[in-house]
Q: 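Quick one: structure below, then a few questions.
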Amino acid sequence: MKIAIDGPAAAGKSTVAKIIAKKLGYVYIDTGAMYRALTLKALQTSTDLEDENSLANLADQIKISFKNVGEIQKVFIDKQNVTDEIRNHDVTNHVSYVAKHKRVREKLVEMQQSLAEEGNVVMDGRDIGTFVLPGAELKIFLIASVEERAERRHKENIEKGFESDLENLKDEIRRRDQIDSEREVAPLIKAEDAVEIDTTSKSIDEVAEQILTLIHSKR
Ligand code: C5P
C-alpha cells in the first residue's frame, strides 16, 4: 500500500508519517529532505539557484540516500551525513527556489518513484498525491493555521536548543507556502481524491489515529 501525505510547510506531515510508518512497518520517505539536500549542495557549490540546467546536473552528480538509525532517519549526500544541516535557515529559505524548476523536479520525482517501488511506503511532500504517486491507495492533505504551524516549529526549535523567532517563522512559512503553491510545475495543491485533515486544534496522536482508521478501512 502507498500512502501519500501532502500539505503546506510545518503542518506536521513528517511527524505523523513517521508514526504511521512505524506502526505499520512501512518505509517512510521524506521527499522534502531530498529537495533540501540538493539545495544544501547548491549553496555549498555556489550554484546559481535560477540556473535550472546547473541544478539538474548537480542532482545527477550527487547521490541522496536515507539510513534509519533507531528512531532517526539520517540523510546523506554521497557519504556525508547532512541530517542536521539540511534543516538550517539558509537551506529552508532557499529550498523553494530550487524546487520550482521543472528539470530538478523530474530528477527527484524519478528517484522518489523508484524508492516507492520497494513496497509499502508512507511518503510526505507537496506533490505526492498529485504527481509522484497518483495511484496511492490513500492520500492525505494536512493543513493547519500559519499561527499554529509557527508555534509548533518554534517549540520544536527551543526544545532542540536552536535559536528561534516566532514572527520570523511565520514569515518564513508564509513565503515558502506562497512559492510552493504558485510555481508552475507540480504546485502544492490538494489532490481531488485526498482527504483533508485540519490539525489546528488536534494533537499529533489524534491525527495519526484518524489516518490509521482510514488506512484500515482501505485494507
Ligand atoms: O517538507 P519540507 O518542508 O522539508 O520541504 C522543503 C521544501 O521542499 C518545500 O518547501 C518545497 O519547496 C520542496 N518540496 C517540494 N515537493 C515535495 C517536497 C518538498 O517542492 N514533494
Side-chain angles (χ1 to χ4, degrees), residues 3 5-6 9-49 51 54-101 103-128 132 152-164 168-169 172-173 176 180 204:
I3 301 163
I5 303 185
D6 290 301
K13 301 184 297 293
S14 69
T15 313
V16 167
K18 278 184 214 157
I19 295 173
I20 291 165
K22 192 177 168 209
K23 284 221 165 134
L24 301 175
Y26 282 21
V27 173
Y28 164 57
I29 304 168
D30 176 358
T31 63
M34 299 166 84
Y35 288 96
R36 285 173 179 273
L38 179 62
T39 304
L40 175 66
K41 194 69 184 182
L43 293 171
Q44 283 172 342
T45 53
S46 305
T47 304
D48 179 358
L49 304 190
D51 184 346
S54 297
L55 289 168
N57 290 339
L58 194 60
D60 272 337
Q61 286 158 21
I62 61 173
K63 183 170 164 34
I64 300 167
S65 58
F66 297 104
K67 192 170 155 193
N68 290 321
V69 183
E71 299 277 291
I72 298 169
Q73 184 167 66
K74 297 201 169 176
V75 185
F76 292 81
I77 298 176
D78 300 318
K79 287 190 174 140
Q80 193 196 353
N81 179 356
V82 294
T83 314
D84 294 331
E85 250 178 304
I86 60 167
R87 308 279 159 202
N88 74 28
H89 282 300
D90 209 18
V91 171
T92 301
N93 287 328
H94 289 99
V95 62
S96 293
Y97 297 101
V98 171
K100 70 181 183 174
H101 297 295
R103 289 197 58 211
V104 166
R105 302 198 69 83
E106 281 168 0
K107 305 258 172 217
L108 296 196
V109 168
E110 203 179 290
M111 286 167 57
Q112 292 155 9
Q113 288 173 335
S114 77
L115 284 172
E117 271 173 19
E118 288 170 22
N120 293 323
V121 296
V122 183
M123 192 179 267
D124 83 341
R126 303 292 186 287
D127 61 340
I128 311 307
V132 183
R152 286 185 199 154
R153 202 34 69 87
H154 186 55
K155 229 175 116 192
E156 230 174 74
N157 285 345
I158 289 170
E159 276 165 16
K160 288 182 185 159
F162 297 161
E163 245 179 69
S164 190
N168 277 351
L169 277 172
E172 200 178 276
I173 286 173
R176 208 143 56 91
D180 291 343
I204 286 294

Q: Between Asp30 and Ser14, does any side-chain donor sit less than 3.5 Å from a side-chain acceptor?
A: no

Q: Are any of the side-chain heavy atoms of Val122 and Ile29 separated by less than 4.5 Å?
A: no

Q: Rounded at 0.5 Å granularity, tell me how far CD in Glu163 sits from CG in Asn168.
A: 10.0 Å

Q: Can you tell me how far the CZ atom of Phe76 sits from the NZ atom of Lys79, to the nearest 0.5 Å?
A: 11.0 Å

Q: Ignoring hydrogens and geometry, is there a side-chain-to-backbone donor-acceptor pair from His101 to Leu49 under 3.5 Å?
A: yes

Q: For Lys13 versus Gly125, what's the shortest heavy-atom pair and its separation?
A: CE-O, 3.4 Å

Q: Among side-chain atoms of His154 and Ser164, is any donor-acceptor pair under 3.5 angstrom?
A: yes

Q: Does any part of the side chain of Gln73, heavy atoms only, come nearer than 4.5 Å to the side chain of Lys67, both counted from C-beta?
A: no

Q: side-chain contact (heavy atoms from CB on, under 4.5 Å) between Leu24 and Asn120: does it pass, once the steps are laid out?
A: CA-CA 9 Å; Leu24 301 175; Asn120 293 323; over 6 Å; no

Q: Keeping the roles fixed (side chain from Asp6, backbone from Ile128), state whether a donor-acceptor pair exists under 3.5 Å.
A: yes

Q: Within this structure, what is the OG1-CD1 distance for the pair Thr45 and Ile62, rounded to the nearest 0.5 Å?
A: 8.5 Å

Q: Are the side chain of Gln113 and the backbone of Val132 linked by a donor-acceptor contact shorter than 3.5 Å?
A: yes

Q: Determine, stepwise, if the pair Thr39 / Asp90 fulfils side-chain contact (heavy atoms from CB on, under 4.5 Å).
A: CA-CA 9 Å; Thr39 304; Asp90 209 18; over 6 Å; no

Q: CZ/Arg36 to CG/Asn88 distance, rounded to the nearest 0.5 angstrom?
A: 9.0 Å

Q: Check Leu55 against Thr47 and note the closest heavy-atom contact, atom names and distance.
A: CD2-CG2, 3.9 Å

Q: Is the count of non-hydrogen atoms from other residues, nucleotides or ligands lying under 6.0 Å from Glu110 atom CD greater than 12?
A: no

Q: Please name all residues satisfying side chain to side chain contact (heavy atoms under 4.5 Å, CB included) with Arg105, sequence neighbours left out, ordered by chain then number.
A: Tyr35, Ala99, Asp127, Arg183, Val185, Ala186

Q: Set out, in order, the CA-CA distance, both residues' side-chain angles and the distance that settles side-chain contact (heavy atoms from CB on, under 4.5 Å) for Leu43 and Val91, then state yes or no.
A: CA-CA 8 Å; Leu43 293 171; Val91 171; 4.3 Å; yes

Q: Rounded to the nearest 0.5 Å, how far apart are CG of Asn157 and CZ of Arg87?
A: 11.5 Å

Q: Only counting residues at least two apart or in another chain, list the ones meeting side chain to side chain donor-acceptor pair (under 3.5 Å) with Arg176.
A: none

Q: Find the distance between OH (Tyr28) and CG (Leu115) and round it off to the nearest 0.5 Å.
A: 12.5 Å

Q: Taking Asp51 for the side chain and Asp48 for the main chain, is one N or O donor matched with an acceptor at less than 3.5 Å?
A: no

Q: Under 4.0 Å between a Lys/Arg side-chain N and an Asp/Glu carboxylate O for Lys107 and Asp60?
A: yes

Q: Begin with the C-alpha distance, continue with both residues' side-chain angles, and end with the deciding distance and a verdict on salt bridge (Lys or Arg N to Asp or Glu O under 4.0 Å) for Glu156 and Arg153.
A: CA-CA 5 Å; Glu156 230 174 74; Arg153 202 34 69 87; 3.4 Å; yes

Q: List the steps and the verdict of side-chain contact (heavy atoms from CB on, under 4.5 Å) for Arg152 and Lys155.
A: CA-CA 5 Å; Arg152 286 185 199 154; Lys155 229 175 116 192; 5.8 Å; no

Q: For Arg126 and Thr31, test the side chains for any donor-to-acceptor distance below 3.5 angstrom and give the result as yes or no.
A: no

